[in-house]
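What follows is a single structure, written as structure tokens, with notes after it.
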Amino acid sequence: MPRQLSEDFKTRQARIQEKLKTGRPSKIAEVVRDLTWRKREAHLTKADANLLAQGQAFLVTEMALVTNT
């Protein structure tokens, strides 16, 4: 289930960036899930959209490595 992201831009960005920096696919998947949900419910800022794209690209790369494609 998606988690509610902070409405405060700075807090939201800090928490998202923390998860992305871990490099852990599970944490990055959480970011993608939560930002995708937010995108459906509200407008993403340019920074949020960039972080979503970054997370998606990381997961695609991880899946390609795991499946050797």
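Any value given below was found using the heavy atoms of this structure, including those in side chains, with hydrogens, waters and symmetry copies removed. Along the sequence shown, residues are numbered consecutively beginning with 1.
- The salt bridge (charged side-chain N to carboxylate O under 4.0 Å, His left out) analysis of residues 8-17, with sequence neighbours excluded, yields the pairs R12-D48.
- Counting all heavy atoms, side chain and backbone alike, G23 lies closest to F58 at O-CZ, 3.3 Å.
- Atom OG1 of T45 and atom CG of N50 lie 8.0 Å apart (nearest 0.5 Å).
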Using residues 35-43 as the side-chain source, report each donor-acceptor pair under 3.5 Å to any protein atom, sequence neighbours left out, with the distance given to one decimal.
residue: T36; atom: OG1; partner: V32; partner atom: O; Å: 2.6
residue: R38; atom: NH1; partner: E7; partner atom: OE2; Å: 3.4

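- When all heavy atoms are compared, the tightest approach of D34 to R3 is OD1-N, 3.0 Å.
- Note that CD1 of I16 and CD1 of I28 are 12.5 Å apart. Values are rounded to the nearest 0.5 Å.
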Which atom pairs, one a donor and one an acceptor, fall under 3.5 Å between side chains of residues 59-69 and the rest of the protein, sequence neighbours left out?
residue: T61; atom: OG1; partner: A57; partner atom: O; Å: 2.9
residue: T67; atom: OG1; partner: M63; partner atom: O; Å: 2.7
residue: T67; atom: OG1; partner: T69; partner atom: OG1; Å: 3.0

